[in-house]
Peer 1: 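The structure's right below; bear with me while I get my questions together.
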Protein chains: 2
Amino acid sequence: MALEHAILVSLLEQPASGYELARRFERSIGRFWTATHQQIYRVLKRMEADGWITAEEIGQDGRPDKRSWSVAPAGRSALVTWLRAPVQPETVRHELAVKIRGAAFDDAAGRAALVAEVERYRATHEATLARYLTGERRDFPDADPPDAQRALQHVVLRGGIAYERMVLAWLDDVLTTLRTLEN
Amino acid sequence: MALEHAILVSLLEQPASGYELARRFERSIGRFWTATHQQIYRVLKRMEADGWITAEEIGQDGRPDKRSWSVAPAGRSALVTWLRAPVQPETVRHELAVKIRGAAFDDAAGRAALVAEVERYRATHEATLARYLTGERRDFPDADPPDAQRALQHVVLRGGIAYERMVLAWLDDVLTTLRTLEN
DNA sequence: TCCTGCTATGCAACTCGTTGCATAGCAAGA
DNA sequence: TCTTGCTATGCAACGAGTTGCATAGCAGGA
């Protein structure tokens, strides 16, 4: 219900083609909202029909043409309306937590496999944290960024960093707990 | 794709009716997996057809009959198969983060409204943390719980507590940032 | 007495998200 | 030369999740 609005924010920060949006959703925006290129193209079409965004055709030689999308006034006012509506409680899907509780109904071999899986999972989160920290040093070197847009981007990034640190600490707790059960 | 498995774990921990499951999903399981009663009833029907669970009819006077579900051997082996498969990367939907970045494109009045909204949101998370801590004191008073099932439930609960603490700290950061922008 | 809320289950319609596939040309490496 | 991978867009089908509504009896308070 809010993919439209995530796209509006991203396009206001910087106009983009569907393909570029999909890559942003893999990177920075994917930190708090995931979407595939299919969803994005479908929603872009609907948003164009609603007059929320307008396209500029860009011919490129050697590559397929692309359509660069910008936010129209109607899109901007739709965004503002949504911004001022109450925040919906977040919906959570932590598959790993289900598996951890499920491990009580598997045997020692299954729990050993889960330990390996948690270690793999931990490595991906460690890599994500490293990526965030690199991005922070690159994009926010000043202690006090001046404009609102950058300050808000930074505080959201700090949220991502805090989340990853919390996850890593918890996964260590999980590993300790799982290993204790093997004795 | 994994609601079935969350239900299997819950029913292995304790058999339940669809209605009771729905309440568990509002409470403890909802910490890491949300589901409405509609989803649950539909999935239970499919799981019964697949022979994963069996029902025991319980007649109650003064109340509608209920069907108490237990996990059949086929369900248990389906769970074990799933437990040993790789964990899918979690899909995130943080509407609030979208709104925070979107606030750069609203005016001072809109940002003031967002501050109020973040405060309301913060209060719900503070209440959730309090609920978790109360539950922890009630269900895990010992330093070292003996059996695997309880130890695993506890480590998942500690994850929920760590998450809520992280969110509260981040929301304070967000409020400070938003208020700085007003000057 | 009426209204609200709880237990208990379910249908129907709709939207959202996922997966597989298709096109098409260029660049770079094996 | 062949294959892989990247840019760039899209269709079709399916599965998952959401919303509104319906039934039904009991308990408790206004």
Peer 1: Could you please name the option among D:dT9, C:dT7, C:dT18 that lies closest to any side-chain atom of A:Gln39?
Peer 2: C:dT18
Peer 1: Could you tell me whether the phosphate oxygens of D:dT9, OP1 or OP2, come under 4.0 Å of any side-chain nitrogen or oxygen in A:Ser17?
Peer 2: yes
Peer 1: Rounded to the nearest Å, what distance is computed from the CD atom of residue B:Glu95 to the C1' atom of nucleotide C:dC16?
Peer 2: 15 Å
Peer 1: Parallel, tilted or perpendicular: which describes the rings of B:Tyr41 and B:His37, with under 30° parallel and over 60° perpendicular?
Peer 2: perpendicular
Peer 1: So that I can tick it off, tell me whether B:Asp107 and A:Arg76 are bridged by a salt bridge, with the cut-off set at under 4.0 angstrom between side-chain N and carboxylate O.
Peer 2: no
Peer 1: Determine: side-chain N/O of B:Arg23 to OP1/OP2 of C:dA8, distance under 4.0 Å, yes or no.
Peer 2: no
Peer 1: Drop me the distance from A:Ile7's CD1 to A:Trp33's CH2, to the nearest 0.5 angstrom.
Peer 2: 11.0 Å
Peer 1: Any carboxylate oxygen within less than 4.0 angstrom of a Lys/Arg side-chain nitrogen, looking at A:Arg67 and A:Glu48?
Peer 2: yes
Peer 1: Could B:Glu90 and A:Lys99 be called an ion pair, given the rule that one side-chain N must be under 4.0 Å from one carboxylate O?
Peer 2: no
Peer 1: Look at the side-chain N and O atoms of A:Tyr19 and state whether any lies under 4.0 Å from the OP1 or OP2 oxygen of D:dT9.
Peer 2: no
Peer 1: Between protein and nucleic acid, restricted to nucleotides 19-22 of chain C and to nitrogen or oxygen atoms under 3.5 Å apart, what atom pairs and distances do you find?
Peer 2:
residue: C:dG20; atom: O6; partner: A:Gln38; partner atom: NE2; Å: 3.2

Peer 1: What is the ring orientation for A:His94 with B:Tyr163, classed by angle as parallel under 30°, tilted 30 to 60°, or perpendicular over 60°?
Peer 2: perpendicular
Peer 1: Within this structure, what is the CD-to-P distance between A:Glu4 and C:dC16, rounded to whole angstrom?
Peer 2: 6 Å
Peer 1: Judged by atom type as modelled, is there a donor-acceptor pair below 3.5 Å linking the side chain of B:Glu117 to the main-chain atoms of A:Val87?
Peer 2: yes
Peer 1: Drop me the distance from A:Leu171's CG to A:Thr177's OG1, to the nearest 0.5 angstrom.
Peer 2: 11.0 Å
Peer 1: For DNA chain D, determine which residues of residues 41-49 of chain B have any heavy atom closer than 4.0 angstrom to one of its atoms, and list them numerically.
Peer 2: B:Arg42, B:Arg46
Peer 1: If you measure only the distance, is there a donor-acceptor pair under 3.5 Å linking the side chains of A:Arg150 and A:His154?
Peer 2: no
Peer 1: Specify the residue among B:Arg67 and B:Arg93 whose closest nucleotide of DNA chain C lies further upstream toward the 5′ end.
Peer 2: B:Arg67
Peer 1: Return the value, rounded to whole Å, for the distance between atom NZ of B:Lys66 and atom P of C:dC6.
Peer 2: 17 Å
Peer 1: Is the closest basic N to carboxylate O distance between B:Arg131 and B:Glu26 below 4.0 Å?
Peer 2: no
Peer 1: Tell me: CD of B:Glu26 to P of C:dA8, nearest whole Å?
Peer 2: 14 Å
Peer 1: For a quick check under 3.5 Å, do A:Glu20 and A:Gln14 share a side-chain donor-acceptor pair by atom type?
Peer 2: no
Peer 1: For B:Ile40 and D:dT18, give me the distance from atom CD1 to atom P, rounded to whole Å.
Peer 2: 11 Å
Peer 1: Grab the CG-C1' distance between A:Leu21 and D:dT7 for me, whole Å please.
Peer 2: 15 Å
Peer 1: Describe, as an angle rounded to 10 degrees, how the axis at the first end of the helix from C:dT1-D:dA30 to C:dA30-D:dT1 is tilted relative to the axis at the last end, five pairs per end.
Peer 2: 30°
